[in-house]
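Bear in mind the structure is a predicted one, so any value in this text is a computation, not a measurement. So you know, we letter chains A, B, ... as the sequences are listed, proteins then strands, and number each from 1.
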Number of protein chains: 2
Amino acid sequence: MLEAPKSDGTVGKALQVLDQVAEFRRPVRFSELLENSPFPKPTLYRFVQTLTNQGMLSFDPDRQTYAMGVRLVRLAHSAWRYSSLARVARPYIEALAAKVGEAVHLAQLDNGHVLFVDRCKATDQFETLAQAGKIAPGYCTGVGKVILAFMPQIEQNRALDQQAYKAYTPSTLTNRAALLTELAQIKADGVAYDREEHEQGIISIACPILTGQGRVVGAVSIASSTNRYTIDDLEKQRPNLLKSANLIGSEAELWQVPTWS
Amino acid sequence: MLEAPKSDGTVGKALQVLDQVAEFRRPVRFSELLENSPFPKPTLYRFVQTLTNQGMLSFDPDRQTYAMGVRLVRLAHSAWRYSSLARVARPYIEALAAKVGEAVHLAQLDNGHVLFVDRCKATDQFETLAQAGKIAPGYCTGVGKVILAFMPQIEQNRALDQQAYKAYTPSTLTNRAALLTELAQIKADGVAYDREEHEQGIISIACPILTGQGRVVGAVSIASSTNRYTIDDLEKQRPNLLKSANLIGSEAELWQVPTWS
DNA sequence: AAGTTAGTTTCAAATAATGAAACTTAGTTT
DNA sequence: AAACTAAGTTTCATTATTTGAAACTAACTT
């Protein structure tokens, strides 16, 4: 859960404050922010003011609390629509979810965290919005491990340093060395398994989404519960999963159109 | 479509660059940004670098283009979940949509723009995610006008200055004076109508969501097509609409829990 | 190979950010 | 109600960061 890789000037610091507010997961008072802040009172105060002016935070005058601002919703709309894989991938992950009858997740990596950008559950197609934008650790999820495995060395290193290696379950890999071994194996095999490493009873098979040049841009996974599925059952879905990931990869390739607006 | 009310130091300028990238609605090259930028080359260059470092933009090295970064999706998740009305309002707007059998929109105001934070269409409950975060003009939509009508004077003034007053249809109110008259009438009446002012064939009835102290925090609308509905038909839904808005308002009131995490 | 454009770096000058301290306001206690 | 306390806000001299003209390099085009 550590942050702040390098403080990119004033802008970086301000964004750090934004993250801090986001972490609270509820409206927060100035004094609460101040307690956990590396910045002195007036500095933090001005950041919060600026961010509020800019609509990145919103201030509730009745309760004197700050929360994430609606401008973010607008900006993220662009991000989701024109930058994330979600848009291109949507039809494919829907098809996959329908075929397999289990939940399908689409993830990208955001500063060491796995960011779920979309998900389709065969049964209820709802709560997509509530799910998109959720984060999970990289080192103990199928999608996370597979993205890490296929990353370029340098970036991988940086990402591995950022993992918390907290033991969510008895199966969680809790140190860098163990994870590194697993990542090599995953890269050789082409898919990653989550054997209840993040949540008891939840298993998944994940594979990377690669561009033509072999860059990882995200991952897709089929997730299920140990009540219904075993790792072997998931393994049987490997061809379906790979096919979908390939299709998404090549579509993403074509997709970024040339300059003529 | 004008921006930049006051340039909040370096942070404000950087966020201005973010907006600029968002407006392109596609991956964009540095030189394209430079053309429409108020900043000189090295300055813009550093902003883009910083924002990319910070994950607010993402850079595609293959194509040398910038797009909105995934970090925004994560931050917006918090915004949507803990700051927007969407979460509290969801059950109520779903119920309303089911009852009325027409599309129900939930909006908040973001710097003069109407920001749709959620929507339920009685038939297909899908594409919510694609809709959330969309923006529309304030002066020619039901939700927009009703929010403007119930705003405090000072803020209203600022917002009215920011409207574009472009004639989307023959019914659009195209100047401040006409809008102001209408707003007074709306405030007295309690609801706003969109009589095909934004889109030909689309009408709606909108009412404000108010806190106990009488602050507007958003608006709900029932929208329909002139093929199926008349303004009179919408008027008949007024009690349903008001009831839902009241429920959302009082729930939003209660909702921001005290400090004990 | 010469020419052109896009992208990147340099560095002194200009500007904006910083934070200790003082101040104001709101809430609590005597 | 006065005295006390804590939360939020402003001031201002100091410090550090941002700024942008110009120079440079890399990547295409002729």
Side-chain angles (χ1 to χ4, degrees), chain A residues 4-21 24 26-54 56-67 69 154 213 256-261, chain B residues 4-21 24 26-54 56-67 69 154 212-213 215 256-261:
Chain A
K6 49 181 162 184
S7 192
D8 270 315
T10 315
V11 176
K13 290 178 206 165
L15 294 175
Q16 205 180 318
V17 173
L18 251 197
D19 270 340
Q20 212 203 326
V21 177
F24 268 89
R26 62 178 170 84
V28 65
R29 291 188 71 114
F30 174 70
S31 48
E32 299 180 272
L33 285 173
L34 187 58
E35 279 170 28
N36 315 24
S37 179
F39 306 113
K41 201 167 21 160
T43 303
L44 181 67
Y45 180 71
R46 274 178 309 237
F47 278 138
V48 163
Q49 290 270 95
T50 304
L51 291 168
T52 305
N53 267 330
Q54 293 289 329
M56 303 295 279
L57 292 179
S58 69
F59 180 68
D60 180 336
D62 298 344
R63 279 169 247 260
Q64 305 228 115
T65 53
Y66 296 90
I154 317 108
Q213 290 85 57
Q256 280 194 333
V257 288
T259 317
W260 25 274
S261 185
Chain B
K6 49 181 162 183
S7 191
D8 270 314
T10 316
V11 176
K13 290 178 205 165
L15 294 176
Q16 205 180 318
V17 174
L18 250 197
D19 269 341
Q20 212 202 326
V21 176
F24 267 89
R26 62 178 169 85
V28 65
R29 292 188 71 116
F30 173 70
S31 48
E32 299 181 272
L33 285 173
L34 186 59
E35 279 170 27
N36 316 25
S37 180
F39 305 113
K41 210 190 330 188
T43 303
L44 182 66
Y45 181 71
R46 274 178 309 237
F47 278 138
V48 164
Q49 292 268 95
T50 304
L51 291 169
T52 306
N53 268 330
Q54 294 288 330
M56 302 296 278
L57 291 179
S58 70
F59 180 67
D60 179 337
D62 299 343
R63 279 169 248 260
Q64 304 227 117
T65 53
Y66 296 91
I154 318 109
Q213 289 84 57
R215 279 195 305 119
Q256 281 193 335
V257 289
T259 317
W260 26 274
S261 185

With the side chain counted from C-beta on, respond yes when [X] and [Y] share a heavy-atom pair under 4.5 Å apart, and no when they do not.
X       : Y        : value
A:Asp60 : B:Arg215 : yes
B:Phe30 : B:Leu44  : yes
B:Leu18 : B:Phe47  : no

Presence of donor-acceptor pair under 3.5 Å, side chain of A:Lys41 and base of C:dG19: no

Can you say whether a donor on the side chain of B:Arg46 sits under 3.5 Å from an acceptor on the base of D:dG20, or the other way round? yes

Please determine, for C:dT18, whether a Watson-Crick or G-U wobble partner exists with both distances under 3.5 Å, and give it or none. D:dA13

A:Tyr45 side chain near D:dG8 phosphate (N/O to OP1/OP2, under 4.0 Å): no

What is the distance from [atom1] of [X] to [atom2] of [N], rounded to the nearest Å?
X       : N      : atom1 : atom2 : result
B:Gln64 : D:dA27 : CD    : P     : 9 Å
B:Gln49 : D:dT17 : CD    : P     : 18 Å
B:Leu44 : D:dG20 : CG    : C1'   : 12 Å
A:Leu34 : D:dT9  : CG    : P     : 12 Å
B:Phe47 : D:dT17 : CZ    : C1'   : 11 Å
A:Asp62 : C:dA26 : CG    : P     : 14 Å
B:Phe30 : C:dT8  : CZ    : P     : 8 Å
B:Arg63 : D:dA27 : CZ    : C1'   : 18 Å

What's the closest nucleotide to the side chain of [X] if the choices are [options]?
X       : options                : result
B:Thr43 : D:dG8, D:dT11, D:dT19  : D:dT19
B:Lys13 : C:dT10, D:dT19, C:dT18 : D:dT19
A:Pro42 : D:dG8, C:dT8, D:dT11   : D:dT11
A:Ser31 : C:dA21, D:dA22, D:dG8  : D:dG8

Quick check: on DNA chain D, is the nucleotide nearest A:Phe59 upstream (toward 5') of the one nearest B:Thr10, or the reverse? Name the residue that is more 5'.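 Closer to the 5' end of DNA chain D: A:Phe59.
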
Under 30°, 30 to 60°, or over 60°: which ring-plane class applies to A:Phe59 and A:Tyr66, parallel, tilted or perpendicular? tilted

So what does A:Pro40 touch, heavy atoms closer than 4.0 Å: a base, only the sugar-phosphate, or nothing?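 Sugar-phosphate contact only - A:Pro40 comes under 4.0 Å of backbone atoms but never of a base.
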
About how many Å separate CD of A:Glu35 and CZ of A:Arg29, when rounded to the nearest 0.5 Å? 11.5 Å

